[in-house]
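Any value given below was found using the heavy atoms of this structure, including those in side chains, with hydrogens, waters and symmetry copies removed. This is a predicted model, so every value here is computed, not measured.
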Amino acid sequence: MARINLSHNRPLPSVSLCSSISLKAEVGLTPPRGCHRHIIRPLCNCERAKYPAIKALMRPDPHLKWTVLGMVLVQLLACWLVRGLAWRWLLFWAYAFGGCVNHSLTLAIHDISHNAAFGTARASHNRWFAIFANLPMGVPYAASFKKYHVDHHRYLGGDGLDVDVPTRLEGWLFCTPARKLLWLALQPFFYSLRPLCVNPKAVTRMEVLNALVQLAADATIFALGGVKPMVYLLASSLLGLGLHPISGHFVAEHYMFLKGHETYSYYGPLNWITFNVGYHMEHHDFPSIPGCNLPLVRKIAPEYYDHLPQHHSWVKVLWDFVFEDSLGPYARVKRVCKLAEDRL
């Protein structure tokens, strides 16, 4: 079992997405829609004003665009440096360094998909900036991620809607330690192909533009640096999103390590290089709060988070996922959801 804090083990309803719907109410926000059904008592104005500081956190991250710019430039510099490396060293650095940077960029794209870079008033700026952040990954990703991530928040665990949930075939096939290890190593392929099987959607204009920009960038890098820089970028993405310590967040977030708990936060040091994606309970409670401010949510309202099961090591999460019989692709809550009328 992964290291989970159970010092205040108060069971949660198995259908709950958020740590507490009442916290959303006290902040004065609307509860989740879709498949989640909660009854909330009316609140007086003094209760709604209990956590005004949380509303103040719902603003763009002023440092995000500069951090992403620096990471993209670092990967472009790395492309120049790897041209003369032996293949074994190129792959080593693709895993040890490039994998960290590219995986972190996918999590920056996650934050940007919530308009964390420029705010909701400039949504198109966020969409184009996500495409820019996508450049070192070698394959178009940002626009498609945005399209499907909306459903992950709106229909968490929704059968045929939330493409984060593994398919029945995955659960049936990858059920032994060796097979689960292979499944973890192949995560980039499953995350790319699963939406096409589970919930196919029409290709959007932004996806076409994302692909064209990425193709132009790849062609330019290949023309200027040859094959090794492109192999470095692609290997960074495949290895960094596969069997890699940072990839523990894929499993830590929503796999049922404890019955009745389907969303967990991780409070370990890797949050420093992953835009605080580990603060996942806080993120699902308040998706409009950028990653840089999520620790403040827990600090402001600790009574809603400190008692919940939580992870402290993504490596331990991966270890337990592989070797615990109770864990595997099947260890996810799946539910039937009612479609929202304004489904995107």
Side-chain angles (χ1 to χ4, degrees), residues 56-82 93-146 149 188 206 210 213-214 217 221 229 232-234 236-237 239-241 244-250 252-253 265-280 282-283 286-299 314:
L57 300 177
M58 300 174 186
R59 61 181 186 271
D61 178 355
H63 305 295
L64 180 58
K65 51 184 174 292
W66 305 115
T67 303
V68 169
L69 174 62
M71 294 168 70
V72 171
L73 293 178
V74 163
Q75 280 295 71
L76 293 178
L77 175 61
C79 286
W80 182 260
L81 296 175
V82 301
W93 287 112
Y95 182 85
F97 178 75
C100 296
V101 177
N102 276 15
H103 198 139
S104 185
L105 280 171
T106 68
L107 299 172
I109 290 171
H110 166 259
D111 243 20
I112 297 167
S113 75
H114 290 284
N115 298 315
F118 298 98
T120 55
R122 293 190 285 178
S124 64
H125 289 59
N126 289 285
R127 302 294 82 78
W128 280 107
F129 190 61
I131 290 175
F132 171 76
N134 192 158
L135 295 180
M137 297 179 63
V139 294
Y141 162 82
S144 297
F145 175 82
K146 166 65 177 177
H149 192 61
M206 285 306 297
N210 190 176
V213 170
Q214 190 65 52
I221 292 172
Y232 167 78
L233 292 179
L234 292 171
S236 295
S237 297
L239 298 175
L241 293 167
H244 194 280
I246 298 178
S247 295
H249 81 88
F250 288 133
E253 291 166 358
S265 283
Y266 156 82
Y267 298 128
L270 289 179
N271 277 313
W272 283 88
I273 60 172
T274 56
F275 299 93
N276 287 323
V277 73
Y279 287 78
H280 217 64
E282 295 85 345
H283 171 63
F286 304 102
S288 59
I289 294 180
C292 65
N293 289 334
L294 289 177
L296 295 176
V297 174
R298 184 188 180 204
K299 184 177 180 180
W314 279 337

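- Between Phe286 and Leu57 there is no side-chain heavy-atom pair separated by less than 4.5 Å.
- Between Tyr95 and Pro245, the shortest heavy-atom contact is OH-CD, 3.6 Å.
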Side chain to side chain contact (heavy atoms under 4.5 Å, CB included), that's the test. Do Tyr141 and Ile109 meet it? Break it down for me. CA-CA 9 Å; Tyr141 162 82; Ile109 290 171; 3.8 Å; yes
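- Considering all non-hydrogen atoms of both residues, Asn126 and Gly119 come closest at ND2-O, 3.0 Å.
- Nearest heavy atom pair, residue Gly240 against residue Ser247, reads O-OG, 3.2 Å.
- Taking the side chain as every heavy atom from C-beta outward, Phe145 and Asn134 never approach each other to under 4.5 Å.
- For the pair Trp93 and Val82, the minimum side-chain heavy-atom distance is 4.5 Å or more.
- Residues Cys292 and Leu64 are not in side-chain contact: their nearest non-hydrogen atoms beyond the backbone lie 4.5 Å or more apart.
- Just one of Asp111, Asn271, Leu270 meets the side-chain contact (heavy atoms from CB on, under 4.5 Å) condition when paired with Asn276; it is Asn271.
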Give the intermediate values and the outcome of side chain to side chain contact (heavy atoms under 4.5 Å, CB included) for residues Asn293 and Asp61. CA-CA 8 Å; Asn293 289 334; Asp61 178 355; over 6 Å; no
Go through it in stages, so that I can follow the logic: the residues are Lys65 and Phe118, the test is side chain to side chain contact (heavy atoms under 4.5 Å, CB included), and I'd like the CA-CA distance, side-chain angles, deciding distance and then a yes or no. CA-CA 8 Å; Lys65 51 184 174 292; Phe118 298 98; 3.8 Å; yes
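- Within the model, atoms CG of Leu105 and CE of Met71 stand 4.0 Å from one another, a figure rounded to the nearest 0.5 Å.
- Counting all heavy atoms, side chain and backbone alike, Ser236 lies closest to Asn102 at CB-ND2, 3.5 Å.
- Between His114 and His283, the ring planes lie perpendicular to each other; the angle is over 60°, past the 30° to 60° tilted range.
- Between Trp314 and Tyr266, the ring centre distance stays below 6.0 Å.
- Looking at heavy atoms from C-beta onward, Lys146 lies out of side-chain contact with Met206 at the 4.5 angstrom threshold.
- Annotation for Met137 and Thr106: closest pair CE-CG2, 3.3 Å, computed over non-hydrogen atoms.
- In this structure, Leu135 and Gln75 have side chains that are not in contact, with every pair of non-hydrogen atoms separated by 4.5 Å or more.
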Pair Ile289-Glu282, side chain to side chain contact (heavy atoms under 4.5 Å, CB included): steps then yes or no: CA-CA 9 Å; Ile289 294 180; Glu282 295 85 345; over 6 Å; no
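- When side chains are defined from C-beta on, Trp80 does not count as touching Pro229, because their heavy atoms never get closer than 4.5 Å.
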